Amino acid sequence: MTYQKSIIVLFLTALVFSCGPKGPSLDERGLIPLPKSVSSSNGSFELTSAASIQLIGDQASLEPLAQYFNQTIKRATGFELEVGEGEGQIILELYGGALDDESYELEITSSQAKISADSPAGIFYGIQTLLQAFPSQIFAPMAQNVNWIAPAGKIQDDPEYPYRGSMLDVARHFIGMEDVKHYIDQMARLKLNYLHLHLTDDQGWRIEIKSWPKLTEIGGKTQVGGGEGGFFTQEDYKELVRYAQERFITIVPEIDMPGHTNAALAAYGELNPGINLPDGDLSTVNHPSEESEIDFTSKMITREPAELYTGIEVGFSTFDTDLELTYQLVDDVVRELSEITPGPYFHIGGDESHVTAKDDYIKFVERVQDIVQKHGKISVGWDEVATANLLPGNIAQFWAMEDNAALAVGQGNQILMSPAKKSYLDMQYDSTSRIGLHWAAYIELDSAYLWDPATYSSNIKKSDILGVEAPLWTETVENRADIEYLTFPRLAALAEVAWSPGSSRDWESFKGRVAQLGESWEVQGIQFYKSPKVAW
Ligand code: TNX
């Protein structure tokens with residue numbers, strides 16, 4: 001090698017080493033949901049065991065947040081960072097403004113990572129973003145040999161919609177405590193803040209009601225397919241409420257009525273009407289696009305306990321809307337559940353009551369809304385409830401019928417967006433999906449991502465929308481692997497639809513970011529669906 005050439009080689013080698021191995025910049029990290037603004041700068045922050053967490057502002061509110069951070073990173077990093085008011089490298093600064101302000105700022109420099117927010121929720125979301133800025137192995141359940149480097153830059157963020165939710169149907173197949181908590185953990189990563197629990201349906205009653213014990217003793221006995229079933233005691237439910245609250249998630253309990261009540265009618269035969277069945281053709285008694293296969297009329301015998309039901313047809317059961325005992329039950333159930341539900345909402349179901357006469361249905365919904373209000377809660381109902389007079393402030397959850405959404409909007413009520421064709425996590429990805437239904441659509445990942453709640457229906461304007469919720473119905477879902485297969489990656493797409501403004505969302509960008517999120521699911525052992533649309 002000539003003298004000149006070796007000088008050049010030396011120079012180039014020095015250049016490469018002085019820059020160090022270059023990782024992704026902050027705006028190349030797999031941040032989901034996409035923050036409002038991300039600006040990258042040179043350099044990076046390395047988290048070491050010597051770092052500490054500095055709290056600025058109300059210590060009592062900040063302490064649990066620091067503990068959450070520590071707990072989350074402990075298994076992968078082995079670190080247990082000191083927490084206090086002294087100078088630290090992870091800084092949580094709470095200004096103490098409005099509690100419903102979910103915005104935050106995150107600034108990462110070579111010496112520190114600082115999160116500032118008005119509310120504890122904002123700090124929590126800043127922590128989620130910071131965690132995603134580190135290598136994905138940070139979520140691993142065992143020690144990893146990794147340098148914990150986060151690229152430098154600045155993020156300003158706040159959500160597009162105040163309600164960002166998911167629903168678990170624990171009625172068709174019962175989902176136990178550990179699996180619900182695991183689901184809550186994953187929701188928190190995506191900055192979702194409402195978990196709707198569909199607690200009752202034809203196949204099972206899953207929440208203990210002390211004044212009506214047979215609801216669970218009998219109504220909780222079985223599930224779709226005839227398996228064992230199960231239910232939450234009120235202590236279990238309180239534990240879920242607490243666990244979710246620690247992750248800034250509010251639980252919305254649903255008691256589905258007047259239809260979808262076979263389990264209750266099996267428990268208390270004295271409630272069973274058997275008389276409201278309309279004569280004649282019942283072929284429309286199923287999902288909007290399907291035909292029913294069973295003869296519902298044979299199922300109902302007046303004032304005798306209904307048979308427990310383990311199939312997956314819908315639309316054949318109803319409470320007796322003329323019976324005072326029905327309202328006594330509803331009052332007791334709403335009272336007991338409201339007492340242990342700190343959140344503002346109580347979901348009254350109201351969908352697919354195909355064997356309740358229309359007038360009876362309206363009378364029932366209006367009366368139940370009053371009961372819910374009396375117990376201090378705001379009613380949410382599936383979109384059919386908008387055929388009744390809604391109380392001011394009550395919410396209609398749009399899932400299928402645009403006309404119903406228009407009725408709700410016309411009454412000045414807000415809409416929770418759960419269009420089945422986009423947000424239903426129980427829909428199959430395509431015809432080869434191993435579980436799931438497809439009555440509304442096949443929903444591949446791109447389809448779950450590529451829609452905007454604000455323009456989805458010409459009847460619903462942005463200002464009419466409270467938020468977005470992705471329901472997981474469990475007719476075909478039996479265990480955690482099934483939950484994970486249908487939920488991930490689509491829940492990440494829906495979380496971004498709910499959090500990030502439509503103008504900033506971009507499928508190509510999401511595709512790259514979700515692949516990084518896939519790494520974090522991988523290290524956690526989450527069995528997600530490897531959509532062929534993404535280079536995992
Ligand atoms: C419709 S969505 C239902 C549920 C089913 C679901 C299955 C809604 C309000 N009702 O009872 O589980 O379809 O996709």
Side-chain angles (χ1 to χ4, degrees), residues 165-175 196-206 223-225 252-264 284-294 296 309-318 345 347-356 361 365 379-388 395-405 408 415-429 433 435-443 447-448 468-478 482-483 485-487 490 494:
S166 185
M167 187 205 83
L168 283 180
D169 168 9
V170 297
R172 268 51 177 274
H173 281 99
F174 182 60
I175 302 175
H196 166 181
L197 291 176
H198 182 78
L199 292 166
T200 65
D201 213 301
D202 289 317
Q203 298 84 348
W205 186 285
R206 309 295 179 204
Q223 59 181 2
V224 167
V252 180
E254 178 185 350
I255 301 297
D256 200 353
M257 50 198 166
H260 291 271
T261 43
N262 187 76
T284 56
V285 291
N286 220 309
H287 303 306
S289 62
E290 282 186 331
E291 297 232 324
S292 168
E293 283 163 14
I294 59 171
F296 295 130
Y309 179 65
T310 59
I312 65 169
E313 294 280 342
V314 297
F316 60 88
S317 57
T318 185
Y345 299 116
H347 203 302
I348 62 173
D351 58 316
E352 301 171 321
S353 283
H354 299 305
V355 294
T356 321
Y361 176 83
V365 167
S379 288
V380 187
W382 297 107
D383 59 43
E384 290 96 319
V385 296
T387 57
I395 308 298
Q397 183 165 11
F398 168 70
W399 66 282
M401 262 74 79
E402 307 229 3
D403 291 351
N404 290 337
I415 306 288
L416 180 56
M417 293 295 286
S418 298
K421 290 179 196 312
K422 292 291 179 184
S423 73
Y424 269 29
L425 297 171
D426 64 315
M427 291 298 120
Q428 292 176 299
Y429 294 96
S433 300
I435 48 172
L437 306 175
H438 57 259
W439 65 265
Y442 292 114
I443 309 179
S447 177
V468 179
E469 185 179 285
L472 180 67
W473 301 98
T474 59
E475 286 93 333
T476 66
V477 173
E478 295 182 31
D482 291 350
I483 296 173
Y485 169 76
L486 288 175
T487 301
R490 284 184 295 199
L494 292 152

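Just so you know, these numbers come straight off a predicted model, no measurement behind them. Each residue takes its place number in the sequence, starting with 1. Just so you know, ligand 1 is whichever comes first in the structure, and atom 1 is the first atom listed for that ligand.
Remark: ligand 1 and Asp351 share an N or O pair separated by less than 3.5 Å (distance only, no angle test). Residue Asp426 places at least one N or O, backbone or side chain, under 3.5 Å from an N or O of ligand 1. For the pair Trp382 and ligand 1, the shortest N or O to N or O distance does not fall below 3.5 Å.
The Leu437 neighbourhood of ligand 1 comprises atoms 7 (C), 14 (O), with distances under 4.0 Å to a heavy atom of that residue. Close approach of ligand 1 to Trp439 is summarised as follows: ligand atoms under 4.0 Å from at least one heavy atom of the residue are 1 (C), 7 (C), 13 (O), 14 (O). Every atom of ligand 1 is numbered from 1 in the order shown, and the set under 4.0 Å from a heavy atom of His260 is 11 (O). Atoms of ligand 1 lying under 4.0 Å from at least one heavy atom of Met427, given by number and element, are 14 (O). Residue-ligand proximity, Glu475 to ligand 1, at heavy-atom distances under 4.0 Å covers atoms 5 (C), 7 (C), 12 (O).
Closest to atom 3 (C) of ligand 1 by heavy atom, among Gln203, Glu254, Glu352, His198, is Glu352.
Using a non-hydrogen distance threshold of 4.0 Å, Arg172 registers as a contact of ligand 1.
The aromatic rings of Tyr424 and Trp473 lie tilted to each other, with the angle between the two planes from 30° to 60°. Using bins of under 30°, 30° to 60° and over 60° for the plane-to-plane angle, the ring pair Trp399/Trp439 lands in the perpendicular bin.
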Carefully, step by step, assess His438 and Gln428 under the rule side-chain hydrogen bond (donor to acceptor under 3.5 Å, both in side chains). CA-CA 6 Å; His438 57 259; Gln428 292 176 299; 2.8 Å; yes
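Judged by distance alone, the side chains of Glu469 and Ser418 never bring a donor and an acceptor atom under 3.5 Å apart.
For Asp383, the side chain to side chain donor-acceptor pair (under 3.5 Å) partners two or more places apart in sequence, or in a different chain, are Asn404. Residues satisfying the side chain to side chain donor-acceptor pair (under 3.5 Å) test with Asp202, not counting sequence neighbours, are Ser317.
Note that Arg490 lies in the cation-pi zone of Tyr429, set by a 6.0 Å cut-off to the ring centre and a 45° limit from the axis.
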